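Can you keep this structure in mind? I'll have questions shortly.
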Amino acid sequence: MVSGEWFSFTIHHLPFTILHSPFAIKKEMDYKPREIEKKWKQWWNENQVYKVSNKSDKPKFYVLDMFPYPSGSGLHVGHPLGYIASDIYSRYKRMSGFNVLHPMGYDAFGLPAEQYAIQTGVHPAKSTAENIDRYRAQLDNLGFSFDWSREVQTCDPQYYKWTQWIFLQLFNHWYNNESDKATPIEDLVGIFETKGNEQVNAANSQDGIFTADEWNAMDAKSKSDVLMNYRLAYRKTTFVWWCEELGTVLANDEVKDGVSDRGGFPVERKPMLQWSLRITAYAERLLNDLQEVDFSDAMKKMQGNWIGRSEGAQLFFNLSPALPKGEGDGTSLPPLEGAGERLEVFTTRPDTIFGATFMVLAPEHDLVKEITTPDQQKEINEYLSFVNTRSERDRISETKEVSGAFTGAYAINSFNGAKIPIWIAEYVLKDYGTGAIMAVPADDERDRRFAEKFDIEIIEIIDKSMHPGASIEDKKGKMINSDFMNGMEVLDAIEAILQKTEEMGIGKRQVNFRLRDAIYSRQRYWGEPFPIVYDESGIAHALPIEELPLELPKSEDFKPASGNESPLARVKDWVNLPNGWKRETDTMPGFAGSSWYFLRYMDADNDQEFASQEALNYWQDVDLYVGGTEHAVGHLMYSRFWHKFLYDKGLVPKKEPYKKLLNQGMIQGVIESMYLLKKKINGDSKFVCAKLAKQMGITDYVQIPVLIDYVVNYGSPESYLNTAAVKKFMEWRPEYADAIFECSKGTFHKGVFTPKGDATESHLFTFSEVGKMSKSKFNVINPDDVVEQYGADTFRMYEMFLGPIEQAKPWDTKGIDGVSKFLRKLWSMFFDANGHFTVSDETPTKGEMKTLHTCIKKIKEDIERFSFNTCVSGFMICVNELRSQNCNKRAVLEPLVKLIAPFAPHLAEDLWHSLGHDSTVCLADFPVLDESFLVEDSIPYPISINGTKRDLIEFPANATKDELKKMALELESVQKWIDGKTIRKVIVVPKRIINIVVV
RNA sequence: GCCGAAGUGGCGGAACUGGUAGACGCGCUGGAUUCAAAAUCCAGUUCCCGCAAGGGAGUAGGGGUUCGAUUCCCCUCUUCGGUACCA
């Protein structure tokens, strides 16, 4: 550019440019990302650009990332995907006039650090701190705009003080179903003292009813036991998932497919005394309030299914003792007392009662012992021991095969006096409903299988002939063989029987949830200690707030203890208090700290409260929460539950913690593996080429994952190892130093390649598949390496460019060159070949302004709908167009720099300062769209004949429909197609298309 | 099995409310520059027929609604995610 142009600008227009004549700035001509990134990161840091205040005139906006668990392997390229998206959004909002809270922290308690400690002896506190340092360095490398002054670590006593405090609040409350909110436990004591528990409508696990007198007569321990059954955090013996390998109990969502989610170890059902949280009290609200939040339908569905609400009825059946063979009415049943006298089942289809030809109890059901007749005792015992040997995996894998045993006892159908035999079977679960069902083989698939196997009568009760193809769930058909319901439609019959059973006092409407209370105890060291002490009689007492945080003792002995004991039990001087009381030795689970961390960021240093009311009222809730779907039923449910509890207490202003949830897809890795023959050849291992292995049976070989760095063309079907790679592989895995490597080109053995034909080197095909990026698959790509080569801005934009944020996709470094090239092009628009700053203050052309404003419109719209991949292509189009226009005008380039600042902040900051600014681009105003630049004089109209495009013609933008129609029909290209035909119709869609229909 | 999401060139993907299918990028092909390479720049690139002009087909497959369908409806197939004796 000619430098003379620089002095023609008007000074009031852009006053600062005078300070920077083109001669004053001498830049390196090339874009050097690593240099400028280092420089501006430091500058941002020194100037505390990202620090955010709780006081502002601007509207608030809270952008939250799911904080990471700092694992030993560090971040891989998949982790930052969500962080980049949220960072772009935060920066965009900040520039658009919002006071943006965008914090980061660490979910630092958990099993892996402890497993690592057991293997290596390194204390979890130490390894966790080291991992956090590493994560921080990796995160810093990517230029995120986090306000680190608000960092939280869940293992920090100043943080978990409040985790413990919230736990104690849960401990000190019960759930009142009448007012539908959590209520202080003192209130409940007051009710018990005056009225007993009969009138209390609470979420509870209490069996039986007591009067005020009975309550008042109880000793302290009994009272404490009763109250425990009402608390929101309670201790009870329940069947829990026990993982022997991990030495701890696990929650429902930590068990998948019958094995532990972490580590994949077997789990078993076991009755244990454990702390639990009564999340079931909130089931209905957790379900209903999903309507208010902006989560994906898939996410809502997942949570809805997990909660699993079903409407039905609770029905009671009188029991009948089985008559001993060949005798009169002598009974072998002991008299039952209290509620146990009747069998209680849950069913969604009370209308089918006349088809109930047997009852099934869960094997663990309390009644089993009491009702089993002597004749059947042996059979029942055998079945119970069979059930005991079955792992959860067995039960899951054999869902088609039914098994069971007859107790010898009967239930009575109150409507017709029919005697219904009572069985026990694995397929009925102790946990769900009442742990007992009435089985209707005519109308239930499992019940039918069972009846067929054990030759039990099947009574058809619904005539579905009018509804061919309708499933059982459709609830269609006419009742038959059903006494007073005969002829009714199913839905009417359900209503009729519900009324009747309620009148007769043998049943009532009931809603059931699949959701279980959350087991909250872990027999581990590396977690929050419970702020609970037990007195001599075993009554649990809350620690007073002054004693919080109850710090985790600095034990070096964190190995799992024998039996069900927790490692903390061995720290005797910590457990045993001077007054003879004992501390709880279990620790809290991983989800404890993560259930409320987003609130702590609002006021992270507060040592008086978990966060001040002022801060909570300012920030309110999370506007945008970005994270993976894997937390759908765990973390998200727990934190919504805790938040609702705090809301009941008036401690947080909103019912729901997260307004909008964005789920980023997983970035997967490519797993490359080699085929190792199971059979050794003369004592040596042998690997064969993937193409050879395909011809063999799957049982002949095992797949050995190989470090992807060695593989040529990794990720493609043509991936292979050449001779050099095979050598590297042998160095890496010395146990295979003497192995034979056979491929179609020849055989490699002990450093010698024996070719088949004239091949010169080995060409050992490997097998490629897309899968999880993980240390054990040797396919981890460290973002640091990519950043080192291309720079953080390129990395950020490339990750966004890969595809829609919500979609899973495999990492592929090919293609990053395109983004890198784009940023260099953008850079080069500001400098000439000699590195002179060449931005001019000339007035831009209409075309240049149109290009700019088209881009502004696109970027703004696309950021707002989280379509970051199309933003990147929008920038590319803009830069390509401006370059073809040879644009170097400040009035275009300066807004462009601001536009791209959320995506490539380092580059933008550098150019921004080159443009003469002293303040940061991060807080500059985001460019505003001026539609007037987008107005067109003419519009290209596709002309189609019968829906097929035949021409593309520019017509004046202000032409009327009739004019357009006339002009279109006159076109030569149109005449050709309509010649000799009849025009049926001409459709003119202004600004879109003209379609001519001919016959 | 049930629930949910998706299926578009050689590849990643675009087309937001039914209106030019394949934007943008990678890769590939040709050319310029260079002693040469890298880098850069220019041109081309859905498939089929054709030198071309042009024509035909085409968004997993089949059917439908419509002047017009990647988009809406029905059926089938495939892939991914969730969940699973839930009564």
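Sequence lines set the chain letters: A, B, ... in the order given, protein chains first and strands last, and positions in each chain run from 1. Remember, it's a predicted structure, so these values are computed and weren't measured experimentally.
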Inset, instruction - Check whether any side-chain N or O of A/Lys300 sits under 4.0 Å from OP1 or OP2 of B/G82, and answer yes or no. - result: no

Inset, instruction - Starting from P on B/A84, measure out to CE on A/Met302 and report it in whole angstrom. - result: 13 Å

Legend entry - Phosphate-side-chain proximity, A/Gln807 and B/G13, N/O vs OP1/OP2 below 4.0 Å: yes

Legend entry - B/C28 and B/U78, which share atom name P, separated by this distance in whole Å: 35 Å

Inset, instruction - Please determine, for B/A14, whether a Watson-Crick or G-U wobble partner exists with both distances under 3.5 Å, and give it or none. - result: none

Inset, instruction - Assign the ring pair A/His635 / A/His631 to parallel, tilted or perpendicular, where the plane angle (0 to 90°) is split at 30° and 60°. - result: perpendicular

Legend entry - Euclidean distance for C1', B/G7 against B/A14 (whole angstrom): 16 Å

Legend entry - Gap in Å between the two P atoms, one belonging to B/C74 and one to B/A5, rounded: 13 Å

Inset, instruction - For the pair A/Phe866 and A/Phe868, name the ring-plane relationship: parallel under 30°, tilted 30 to 60°, perpendicular over 60°. - result: perpendicular

Inset, instruction - Find the distance A/Lys809:NZ to B/A5:P and express it as a whole number of Å. - result: 18 Å

Inset, instruction - Could you tell me whether A/Lys991 contacts a base, only the sugar-phosphate backbone, or nothing, with contacts defined as non-hydrogen atoms closer than 4.0 Å? - result: nothing

Inset, instruction - Between B/C80 and B/A87, how far apart are the P atoms? Round to whole Å, please. - result: 28 Å

Inset, instruction - Spell out protein contact along nucleotides 16-34 of chain B as letters: B when the base is contacted, S when just the sugar-phosphate is, - when no protein heavy atom is under 4.0 Å; keep the 5' to 3' order. - result: B--BB--BBSS--------

Inset, instruction - Report the base-pairing partner of B/A21 (Watson-Crick or G-U wobble, both distances below 3.5 angstrom), or none. - result: none

Inset, instruction - Find the partner of B/U33: check Watson-Crick (N1-N3 plus N6-O4 or O6-N4) and G-U wobble (N1-O2, O6-N3) distances, both under 3.5 Å, and reply none if neither fits. - result: none

Inset, instruction - Determine the Euclidean distance between corresponding P atoms of B/G22 and B/G10; express it in Å to zero decimal places. - result: 16 Å

Inset, instruction - For the residue pair A/Asn512 and A/Ser310, confirm or rule out a side-chain donor-acceptor distance under 3.5 Å. - result: no

Legend entry - Closest nucleotide among B/A87, B/C86, B/G56 to the A/Val428 side chain: B/A87

Inset, instruction - Would you state whether a donor and an acceptor, one from the side chain of A/Arg984 and one from the base of B/C67, lie under 3.5 Å apart? - result: no

Inset, instruction - Tell me, please, whether A/Tyr427 has A/Arg446 positioned over its six-membered ring: NZ or CZ under 6.0 Å from the ring centre and within 45 degrees of its axis? - result: no

Legend entry - Ring geometry between A/Phe903 and A/Phe875 (parallel below 30°, tilted from 30 to 60°, perpendicular above 60°): perpendicular

Legend entry - Assigned glycosidic conformation for B/G31 [threshold 90° from 0]: anti

Legend entry - OP1 or OP2 of B/G1 under 4.0 Å from side-chain N/O of A/Arg446: no

Legend entry - P-based separation of B/A69 from B/U20 [nearest Å]: 11 Å

Inset, instruction - Apply the side chain to side chain contact (heavy atoms under 4.5 Å, CB included) test between A/Ile84 and each candidate in A/Gln664, A/Met797, A/Arg796; give the one that qualifies. - result: A/Arg796

Legend entry - For B/A5, the Watson-Crick or wobble counterpart (both distances under 3.5 Å): B/U79

Inset, instruction - Mind calculating the distance between CG (A/Leu661) and C1' (B/G4) to the nearest angstrom? - result: 15 Å

Inset, instruction - Would you mind classifying the nucleic acid contact of A/Arg309 as base, sugar-phosphate or nothing, using non-hydrogen atoms under 4.0 angstrom? - result: nothing

Inset, instruction - Write down the distance between CZ (A/Phe513) and P (B/A87), rounded to a whole number of angstrom. - result: 13 Å

Legend entry - OP1 or OP2 of B/U40 under 4.0 Å from side-chain N/O of A/Arg824: yes

Legend entry - Sugar-phosphate only, base, or nothing, as touched by A/Arg883 at under 4.0 Å among non-hydrogen atoms: sugar-phosphate

Legend entry - salt_bridge(A/Arg509, A/Glu311) N-O dist < 4.0 Å: no

Legend entry - Residue matched to B/U46 through Watson-Crick or wobble contacts both under 3.5 angstrom: B/A57

Inset, instruction - Using only heavy-atom distances, determine whether the side chains of A/Tyr798 and A/Asp812 contain a donor-acceptor pair under 3.5 Å. - result: no

Legend entry - Distance, rounded to the nearest Å, where A/Tyr432 contributes OH and B/U83 contributes C1': 14 Å

Legend entry - Complementary nucleotide of B/U65, counting Watson-Crick and G-U pairs under 3.5 Å: none

Inset, instruction - Specify the residue among A/Arg950 and A/Gly308 whose closest nucleotide of RNA chain B lies further upstream toward the 5′ end. - result: A/Arg950

Legend entry - B/U70 - base-pair partner by Watson-Crick or wobble geometry, distances under 3.5 Å: none

Inset, instruction - Looking at every strand, decide which applies to A/Pro804 at a 4.0 Å heavy-atom threshold: base, sugar-phosphate, or nothing. - result: sugar-phosphate

Legend entry - Pairwise side-chain hydrogen bond (donor to acceptor under 3.5 Å, both in side chains) hits with a residue in residues 352-364 of chain A, at least two apart: none

Inset, instruction - Quote, to the nearest angstrom, the P distance that separates B/C26 from B/A38. - result: 16 Å

Inset, instruction - Using Watson-Crick or G-U wobble geometry with both distances below 3.5 Å, tell me the partner of B/A38, or none. - result: none

Legend entry - Of all pairs that satisfy salt bridge (charged side-chain N to carboxylate O under 4.0 Å, His left out), the ones with a partner from residues 862-886 of chain A, not counting sequence neighbours: A/Lys858-A/Asp862, A/Lys860-A/Glu864, A/Asp862-A/Arg865

Inset, instruction - For A/Asp447 and B/C86, give me the distance from atom CG to atom P, rounded to whole Å. - result: 10 Å

Inset, instruction - For nucleotides B/U59 and B/C72, find the distance between their C1' atoms and express it as a whole number of Å. - result: 16 Å

Legend entry - For atom CZ of A/Arg448 and atom P of B/A87, their distance in whole Å: 18 Å

Legend entry - Spacing between A/Leu636 atom CG and B/G82 atom P, to the nearest angstrom: 15 Å

Inset, instruction - Return the nearest nucleotide to the side chain of A/Phe346; candidates are B/C67, B/A87, B/C85. - result: B/A87

